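Fair warning: this is a prediction, and the values are worked out from it, not measured in the lab.
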Amino acid sequence: MMKLAVLLCAVLALSECNIRIPLIKGKSAREALEEKGLWEQYRNQYPYNPMAKFSQSFAVGYESMTNDADMSYYGVISIGTPPQSFLVIFDTGSSNLWIPSVYCSSTACNNHHRFNPSQSSTFQNTNQPLSIQYGTGSMTGFLGYDTVSVGGIQVPHQIFGLSQTEAPFMAHMKADGILGLAYPRLAASNAQPVFDNMVQQGLVQDYFSVYLSSNSQTGSEVIFGGYNPNHYTGSLVWIPLSAETYWQITMDSVTINGQVVACNGGCQAIVDTGTSLIVGPNSDIANLNSWVGATTNNGDAVVNCNNIASMPVVSFNINGHSFTLPASAYTIQSYYYGCRTGFGNGGSSLWILGDVFIRQYYTVFNRANNSVGLAKAV
């Protein structure tokens with residue numbers, strides 16, 4: 001049946017063939033740690049550097065990632081024959097697929113699903129090492145080939161990483177691994193990303209879309225080779241990429257009531273499903289948080305939950321269009337820590353438009369013409 005589906009996709013108009021992967025909006029590592037009273041200990045032990053993953057080093061076998069404790073969207077894929085299932089983050093800020101393996105005895109691997117190559121008849125080892133550096137540790141392992149099933153479509157001979165050691169903070173992460181959706185140039189060891197393999201094999205057209213629900217645990221999705229007009233209103237605004245590595249665009253400014261409060265004179269921004277917050281240069285973020293009435297407390301930009309209704313709208317001006325976020329969209333409420341903004345320090349000149357932004361704007365990542373399409377999510 002699967003072979004028939006793939007054959008149909010090859011002979012029918014490709015526009016009729018797309019792959020939908022439902023995403024679960026689950027509890028983040030931070031939320032779980034707060035419930036256990038362990039958040040302060042974790043935050044001090046594993047300080048978060050959101051820019052760590054955006055390394056400009058493309059050395060063989062190297063990839064950077066971050067310990068983002070606020071990630072909360074996950075999808076299921078399977079690897080091998082017969083299939084072994086894994087919960088992954090679909091990450092437009094990296095390019096490799098990796099999951100834990102049975103050869104990993106780190107604490108982080110023990111509470112996640114682990115891939116067993118000996119139980120897959122289609123696995124091939126490459127004997128190539130893989131190293132993923134974090135701000136507070138690393139993951140090491142090796143690369144192999146196997147059949148990867150995404151949304152019911154099989155992608156044969158897909159290269160992926162199998163971890164042998166993982167940084168301790170990974171034990172608190174909900175996802176087993178990462179499926180990277182950035183450009184091939186970023187891939188460690190020149191490993192072809194899953195999406196590129198899908199396109200090359202004629203399984204989907206060369207674009208995909210992401211919808212992240214704001215509150216509901218269900219409804220979020222990634223669609224390969226298509227997009228869902230039911231999840232947005234109005235027309236998609238197409239923004240050309242300024243670099244074809246990450247999904248990087250030029251942002252004109254960030255304004256409140258017409259006043260420029262950040263990104264004065266223009267800046268570079270990366271649209272990243274694998275970052276939970278909107279991140280920017282420290283001075284810009286400090287100014288932005290000040291304008292919305294936030295005060296810094298132990299690394300968080302704290303606001304009074306009772307003031308959210310009267311806080312200003314923030315406009316991200318991109319390619320001549322204004323993408324607005326009301327306070328209800330850029331604030332996060334914690335049962336234990338009250339309310340805080342979703343604007344975080346990056347310590348770099350780059351901005352990251354993460355899930356706080358993508359929840360408000362349905363996003364199409366178009367490799368056919370190297371652009372990003374944005375429309376108001378509903």
Name the atoms and distances for all side-chain donor-acceptor pairs under 3.5 Å in residues 77-90, with sequence neighbours left out.
unit_1, atom_1, unit_2, atom_2, d
Thr81, OG1, Thr122, OG1, 2.8
Gln84, OE1, Asn116, N, 2.9
Gln84, NE2, Asn116, O, 3.0

Q. For Thr92 and Thr363, what are the C-alpha separation, side-chain angles and deciding distance, and is it a side chain to side chain contact (heavy atoms under 4.5 Å, CB included)?
A. CA-CA 11 Å; Thr92 59; Thr363 308; over 6 Å; no
(Q) Just checking Tyr361: does its OH atom have more than 12 heavy atoms from other residues, nucleotides or ligands closer to it than 6.0 angstrom? (A)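 It does: Tyr361 OH has more than 12 such atoms within range.
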(Q) Using the ring centroid of each side chain, check whether Phe208 and Phe195 are separated by less than 6.0 Å. (A)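 Yes, the ring centres sit under 6.0 Å apart.
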Closest approach of [X] and [Y], non-hydrogen atoms and distance?
X	Y	value
Val314	Phe343	CG2-CZ, 4.2 Å
Val279	Ile285	C-CD1, 4.2 Å
Cys104	Asn110	O-OD1, 4.3 Å
Ile249	Pro240	CG2-O, 3.8 Å

Q: Begin from the C-alpha positions of Ser213 and Ser220 and carry the test side-chain hydrogen bond (donor to acceptor under 3.5 Å, both in side chains) through to its verdict.
A: CA-CA 5 Å; Ser213 66; Ser220 303; 3.0 Å; yes
Q | Qualifying residues under salt bridge (charged side-chain N to carboxylate O under 4.0 Å, His left out), relative to Arg114, sequence neighbours excluded | A |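 Counting only residues at least two positions away or on another chain, Arg114 forms no salt bridge (charged side-chain N to carboxylate O under 4.0 Å, His left out).
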Q. Taking the six-membered ring of Tyr232, is the NZ or CZ of Lys376 close enough (under 6.0 Å from the centre) and on axis enough (within 45°)?
A.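 The answer is no, since Lys376 fails at least one limit relative to Tyr232.
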Q: Please report the C-alpha distance between Ile239 and Val271 in whole Å, then the side-chain angles of each, then the deciding distance to 0.1 Å, and finally whether the side chain to side chain contact (heavy atoms under 4.5 Å, CB included) criterion is met.
A: CA-CA 11 Å; Ile239 301 157; Val271 185; over 6 Å; no
**Q.** Contacts of Ala294 that satisfy side-chain contact (heavy atoms from CB on, under 4.5 Å) - sequence neighbours left out
**A.**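 Ala294: side-chain contact (heavy atoms from CB on, under 4.5 Å) contacts with Asn289, Val292, Ala301, Val303, Thr341.
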